[in-house]
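The structure appears right after this line, and notes come after that.
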Amino acid sequence: MPDNPGPYSRYALDLAPPWLRAKRGAKWLEAHGETLDALVGRLVDATAAHLVDTAPDDAIPTLGRERGITRIPGEVDWAYRERVRAAWSIWQWGGTKRAVEEVFRLLGYEQVVVTELWTRDRLRWAEFEVLLVAGPPLGNLSREQVIALVNDVKAAHSRLVRITHVVGGFFWDNGTLWDSYPQDPDAWWDGDVVWVA
């Protein structure tokens, strides 16, 4: 018997009748037990390869394809693994502002503001824009890749109109309405000042 027999090798000998525990019978049970132990090891490895946290790096593209997460050219392994891991969380919020925000957060943008344009103009009820503050440059992604990432999670009826990426400095007047200024519905809030257009 091997120095460290697996559970099936030990179990087979424990269950065997006395006449099968002799030299030849023990060898036969050992061979079957080792085969079953090797099979269990392969099953454990296969299960681990299908889980995002324990999968080897070469299995992540397969897991990404299963989840419909396309890899961005030049994306590092850990970032792609994180996007694949978050697929179920993003799909849970699919069709909402939060899903669009999460897609950009997973790309490395911590401050993401999604503005639904119906809040400014009722005729633009199905349009939205995205404001990205700091984060990696969008130049690594083509326009089509960014649109495809957003289209995967946005509501089917909505349309991305604009993405604004502020790399540094201070961004003034992002068009956020200030609901606490009831005297003038056309007032815009710019941090500390309310401007009336």
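Just so it is clear, the model here is predicted, and its values are computed rather than measured. Positions are given from 1, in the same order as the sequence printed here.
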Regarding Asp37 and Arg10, does a basic nitrogen lie under 4.0 Å from an acidic carboxylate oxygen? no

Side chain proximity check, Tyr80 to Ile72, heavy atoms < 4.5 angstrom: no

If the test is salt bridge (Lys or Arg N to Asp or Glu O under 4.0 Å), which one of Asp58, Asp53, Asp57 qualifies with Arg81? Asp57

I'd like to know if Arg98 and Glu101 make a salt bridge, using a cut-off of under 4.0 Å between side-chain N and carboxylate O. no

Val100 pairs by side-chain contact (heavy atoms from CB on, under 4.5 Å) with which of Asp152, Leu160, Val130, Val112? Val130

Between Tyr11 and Gly33 (side chain of the first, backbone of the second, donor and acceptor by atom type, cut-off under 3.5 Å), is there such a pair? no

Check: Arg85 main-chain N/O paired with Arg67 side-chain donor or acceptor under 3.5 Å: no

Whether the side chain of Arg159 engages the backbone of Ala126 through a donor-acceptor N/O pair (distance < 3.5 Å, no angle test) should be reported. no

Kindly check if the number of other-residue, nucleotide or ligand heavy atoms within 6.0 Å of CH2 (Trp118) is above 12? no

Begin with the C-alpha distance, continue with both residues' side-chain angles, and end with the deciding distance and a verdict on side chain to side chain contact (heavy atoms under 4.5 Å, CB included) for Trp93 and Val153. CA-CA 8 Å; Trp93 297 103; Val153 297; over 6 Å; no

Take the angle between the ring planes of Trp125 and His157 and call it parallel below 30°, perpendicular above 60°, tilted in between. parallel

For Tyr8, is the OH atom crowded, meaning more than 12 foreign heavy atoms sit under 6.0 Å from it? no

Checking Val113, Leu149, Val150, Val114 against Phe104 for side-chain contact (heavy atoms from CB on, under 4.5 Å), the one that qualifies is Val150

Short side-chain to backbone donor-acceptor contact, Arg162 and Leu131, under 3.5 Å: no

Note, Asp77 side chain near Ile60 side chain (heavy atom, < 4.5 Å): no

